[in-house]
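The block underneath contains the structure these notes are about, expressed in structure tokens.
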Amino acid sequence: MSKLKNDYSRITTRTLAEFKAKGEKIAMLTAYDFTMAGIIDKAGIDVILVGDSASNVMAGHETTLPITLDQMIYHATSVVRGVERALVVVDLPFGTYQADSKEALRSAIRIMKESGAHAVKLEGGSQIQESIQRILKAGIPVMGHLGLTPQSIYKFGTYSVRAKEEAEAQQLLNDAMMLEKAGCFAIVLEKIPAKLAEKVTQTLDIPIIGIGAGGEVDGQVLVVNDMLGMNKEFSPRFLRRYLDLNSDISKAVKAYTEDVKNQDFPKPEEQY
Ligand code: KIV
């Protein structure tokens, strides 16, 4: 018997709406490859985001800007192969939806068709409204992303908390309402004051998923490599580490190296 609170065999955008309606929180993590996606899917995660954070954690870039559409499709295809239950959402990478809405739709179609994912995520509000509307009109579910939007890092100049001032907070609320009206099925709010996230969550009917946005939202998302403790350098306040994989992997590799050098590995029973 599963210990999970629900036994939904396949999570859809509709399931997430049901979760919000009955007050059940949504658990979302990123994944970028088949193996990790399979593990977290079997463990009961509701939503898997193939985030453009792959640019940082998989490829070692300083920002999310360099990752390409082809690379995102590669990651998304690998993730989809490992997933049976979770809803798989894929980030449209920087430069594939901002220039014009037709290009945005073409990018979203490529992701859906080539990877088999279930939805796309775009960063931004009113400035990309036309792109969002065009993608939604084609029947592709869209998740919004407001607050700290890492694809605009060179505009902000910093990864610090967004929308602390009244004007930016009001703009964020307006953008969130616009996204809901346009037909987005959920919105990620990144690194904004908890009070503002709570207000957005109470104002909107669609699920609000936070990262560094406090507890009064409908769900939480973290980058899987961060919550597993693979990266010692990245320690924002909102990050809870559930493992210290960096140390564990390091210990394992040291032990293996020692065993090979000492000719302790392989033993007779480990040979043919
Ligand atoms: O790319 C990503 O991992 C994200 C999450 C931080 C929400 O957008």
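Counting starts at 1 for both ligands and their atoms, following the listed order. Values reported hereafter were calculated over all heavy atoms of this structure, with side chains retained and with hydrogens, waters and symmetry mates removed.
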Purely on distance, is any nitrogen or oxygen of Glu123 under 3.5 Å from one on ligand 1?
no
Check whether any side-chain N or O of Asp52 sits under 3.5 Å from a backbone N or O of Asp91 as a donor-acceptor pair, and report yes or no.
no
Would you please determine whether Met28 falls within less than 4.0 Å of ligand 1 on a heavy-atom basis?
no
Under 4.0 Å between heavy atoms, the region of Val223 that gets near ligand 1 turns out to be side chain
Sub-4.0 Å atoms of ligand 1 with respect to non-hydrogen atoms of Asp91:
1 (O), 2 (C), 8 (O)
Is there side-chain contact between Leu65 and Ile153, with at least one heavy-atom pair below 4.5 Å?
yes
Ion pair check, Lys267 and Glu269, cut-off under 4.0 Å:
no
For Thr30, the ligand 1 atoms with a heavy-atom partner under 4.0 Å come out as 3 (O)
Any Lys/Arg nitrogen of Lys232 or Asp244 sitting under 4.0 Å from an Asp/Glu carboxylate oxygen of the other?
yes
In plain terms, say whether Glu103 and Arg106 are close enough for a salt bridge, that is, a side-chain N and a carboxylate O under 4.0 Å apart.
no
Hey, is ligand 1 close enough to Tyr32 that some N/O pair sits below 3.5 Å?
no
Are more than 12 heavy atoms, taken from residues, nucleotides or ligands other than Glu62, located less than 6.0 Å from that residue's CD atom?
no
Under 3.5 Å, is there a donor-acceptor pair between the side chain of Thr149 and the main chain of Leu146?
no
Non-hydrogen side-chain atoms of Tyr97 and Val120 separated by less than 4.5 Å:
no
The closest protein heavy-atom partner of atom 2 (C) of ligand 1 is Ser53 OG, 3.3 Å
Atoms of ligand 1 under 4.0 Å from any heavy atom of Ile211, numbered from 1 in the order shown, are 6 (C)
Output the list of atoms in ligand 1 that are nearer than 4.0 Å to some heavy atom of Leu49, sorted by atom number.
2 (C), 4 (C), 5 (C), 7 (C), 8 (O)
Quick test: of every protein heavy atom, which one is nearest to atom 8 (O) of ligand 1, and how far off is it to 0.1 Å?
Lys121 NZ, 2.9 Å
Those atoms of ligand 1 less than 4.0 Å from some heavy atom in His145:
8 (O)
